[in-house]
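This report concerns only the one structure given below.
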Amino acid sequence: MSITLYSLCGADRGRPFSPHCWKVVMALRHKGLDYVEEPLAFTAIPTIEGGATKTVPLLRDGDRLVADSFSIADYLDQAYADRPTLFGGEAGRAAARFVESFSQSVVHPAITKIAVMDIHDMLDDVDQSYFRESRRQRLGRDISEFVPGRQAEIEAFPAKLQPLRVMLGHQPFIGGASPLFADYIVFGALQWLRITTGSVHLPGDDPVQSWFERLLDLHEGAARKVA
């Protein structure tokens, strides 16, 4: 069966940037599965698969459609149980839920404040209009209002990752000796920041930076190839 991953891009289809889609990209490569990625603009998402979703990632595997990055990882671990595990068992799945909560409640809001105008500038005209209005509704103000505080957010960003930094003093990956889906959750957030702004805004000697570089090198460096 052929696998298709619908992901998110701006005007340049070669630079898909969604953190949630990057989780799935890394999960598919972790499993060693062949797939085709179909990057979409924001306003194109409702037109695919008969209007099955308003958001991506969306995975088609033969006759199965699976939405939501965590649900996709669950599906891949069950459907391809003979391939490397993404969770390492039920305890690993539960721990990954905690990591996802940390990433989405602490890391994602910080990245949004740093990258929101960069994301806007990556989009074509139709999507820029959609993005400005949808983010005004979601964030409660126009995205231009985040610009004056951007540098302060960049300076405050490394501290948001202190729990990961402390953990990396004991082991090379969140998953232990090797990465699991929990690693890909936080990696997806930093890859989102890297692609949209050109940097993860961490010192070169930061253990989190070193961890991120190790993940960029995984799977033949597929994630690093996206500038």
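Any value given below was found using the heavy atoms of this structure, including those in side chains, with hydrogens, waters and symmetry copies removed.
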Original post:
When rounded to the nearest 0.5 angstrom, what is the spacing between CZ in F187 and CG in D183?
Top reply: 10.5 Å

Subject >> Salt-bridge criterion met for R150 and D118 (N-O under 4.0 Å) >> reply: yes

Subject >> For the student: nearest non-hydrogen atoms of V226 and R194, plus distance >> reply: O-NH1, 2.8 Å

Subject >> Heavy-atom donor-acceptor pair, K31 side chain to Y80 backbone, under 3.5 Å >> reply: yes

Original post:
Rounded to the nearest 0.5 Å, how far does CD of E220 lie from CZ of R29?
Top reply: 7.0 Å

Original post:
Cluster question for you: counting only ILVMFWY and a side-chain heavy-atom cut-off of under 4.5 Å, with indirect links fine, are V56 and Y130 together?
Top reply: yes

Original post:
Quick one: does L161's side chain get under 4.5 Å of L202's, heavy atoms only?
Top reply: yes

Original post:
What do you reckon, are the aromatic ring centroids of F173 and Y184 less than 6.0 Å apart?
Top reply: no

Original post:
Rounded to the nearest 0.5 Å, what separation is found between the CG atom of L65 and the CD1 atom of I72?
Top reply: 10.0 Å

Original post:
Can you name the residues that form a salt bridge (charged side-chain N to carboxylate O under 4.0 Å, His left out) with D217, not counting sequence neighbours?
Top reply: R224

Original post:
Which is it for I185 and Q104 under the side chain to side chain contact (heavy atoms under 4.5 Å, CB included) test, yes or no, and what are the steps along the way?
Top reply: CA-CA 9 Å; I185 290 169; Q104 296 199 81; over 6 Å; no

Original post:
Are V126 and L40 in one and the same hydrophobic cluster, where Ile, Leu, Val, Met, Phe, Trp and Tyr link if side-chain heavy atoms are under 4.5 Å apart?
Top reply: no

Original post:
Taking atom CG of L28 and atom CG of L33, what is their separation to the nearest 0.5 Å?
Top reply: 6.0 Å

**OP:** Take D142 and R132, measure what side chain to side chain contact (heavy atoms under 4.5 Å, CB included) needs, and give me the verdict at the end.
**Re:** CA-CA 7 Å; D142 190 84; R132 291 187 81 100; 2.9 Å; yes

Subject >> Polar contact flag, side-chain donor to acceptor under 3.5 angstrom, S7-E37 >> reply: yes

Original post:
Which atoms form the tightest heavy-atom contact between G188 and W22, and what is the distance?
Top reply: CA-CB, 4.0 Å

Original post:
From E49 CD over to E38 CD, what is the distance, rounded to the nearest 0.5 angstrom?
Top reply: 10.0 Å

Subject >> Heavy-atom side-chain proximity of D77 to F181 below 4.5 angstrom >> reply: no

Original post:
Can you check whether F70's main-chain N or O pairs, donor with acceptor, with E100's side chain at less than 3.5 Å?
Top reply: no

**OP:** Give the ring-plane orientation class for F42 versus F131, where under 30° counts as parallel, over 60° as perpendicular and anything between as tilted.
**Re:** tilted

Subject >> Atom of V99, atom of A182 and distance for their closest heavy-atom approach >> reply: CG1-O, 3.5 Å

Original post:
Distance-only, no hydrogens or angles: does the W211 side chain make a donor-acceptor pair with backbone N or O of R165 under 3.5 Å?
Top reply: no

**OP:** Verify, without hydrogens or angle tests, whether R60 (side chain) and G62 (backbone) share a donor-acceptor contact under 3.5 angstrom.
**Re:** yes

Original post:
Hey, is the main chain of P39 close enough, under 3.5 Å, to the side chain of R13 for a donor-acceptor pair?
Top reply: yes

Subject >> Trace of the side chain to side chain contact (heavy atoms under 4.5 Å, CB included) decision for C9 with R15 >> reply: CA-CA 6 Å; C9 67; R15 295 172 64 205; over 6 Å; no

**OP:** Mark yes when over 12 heavy atoms from residues, nucleotides or ligands other than Q151 sit less than 6.0 Å from its CD; otherwise mark no.
**Re:** yes

Original post:
So, S101 side chain and R97 main chain: donor-acceptor pair closer than 3.5 Å or not?
Top reply: yes

Original post:
Under a 4.5 Å cut-off applied to non-hydrogen side-chain atoms, are P158 and H201 in contact?
Top reply: no

**OP:** Kindly compute the distance separating OG (S18) from CH2 (W192), expressed to the nearest 0.5 Å.
**Re:** 8.5 Å

**OP:** Would you check if Y35 and D61 make a side-chain contact, meaning some heavy-atom pair closer than 4.5 Å?
**Re:** no

Original post:
Does any pair with a residue in residues 135-172 pass ring-ring contact (aromatic ring centres under 6.0 Å, His included), and if so which ones, sequence neighbours excluded?
Top reply: none

**OP:** Over all heavy atoms of both residues, which pair between L5 and P57 is shortest? Give the atoms and the distance, please.
**Re:** CD1-CB, 3.8 Å

Original post:
Taking only residues two or more places apart in sequence, or in another chain, which ones meet S71 in a side chain to side chain contact (heavy atoms under 4.5 Å, CB included)?
Top reply: V66, D68

Original post:
Quick one: does E153's side chain have a donor or acceptor within less than 3.5 Å of a partner on A110's backbone?
Top reply: no

**OP:** Considering non-hydrogen atoms only, spot the tightest contact between P163 and K160 and give its length.
**Re:** CD-O, 3.8 Å

**OP:** With the side chain counted from C-beta on, respond yes when L76 and L59 share a heavy-atom pair under 4.5 Å apart, and no when they do not.
**Re:** yes

Original post:
Could you go step by step and tell me if V208 and L190 meet the side chain to side chain contact (heavy atoms under 4.5 Å, CB included) rule?
Top reply: CA-CA 10 Å; V208 177; L190 295 186; 4.1 Å; yes

Original post:
Which heavy atom of T55 sits nearest a heavy atom of I45, and at what distance?
Top reply: N-CG2, 3.7 Å

Original post:
Is R83 reaching over with its side chain to a backbone N or O of G32, donor-acceptor style, under 3.5 angstrom?
Top reply: yes

Subject >> Single-linkage hydrophobic cluster L180~F98, side-chain heavy atoms < 4.5 angstrom >> reply: no

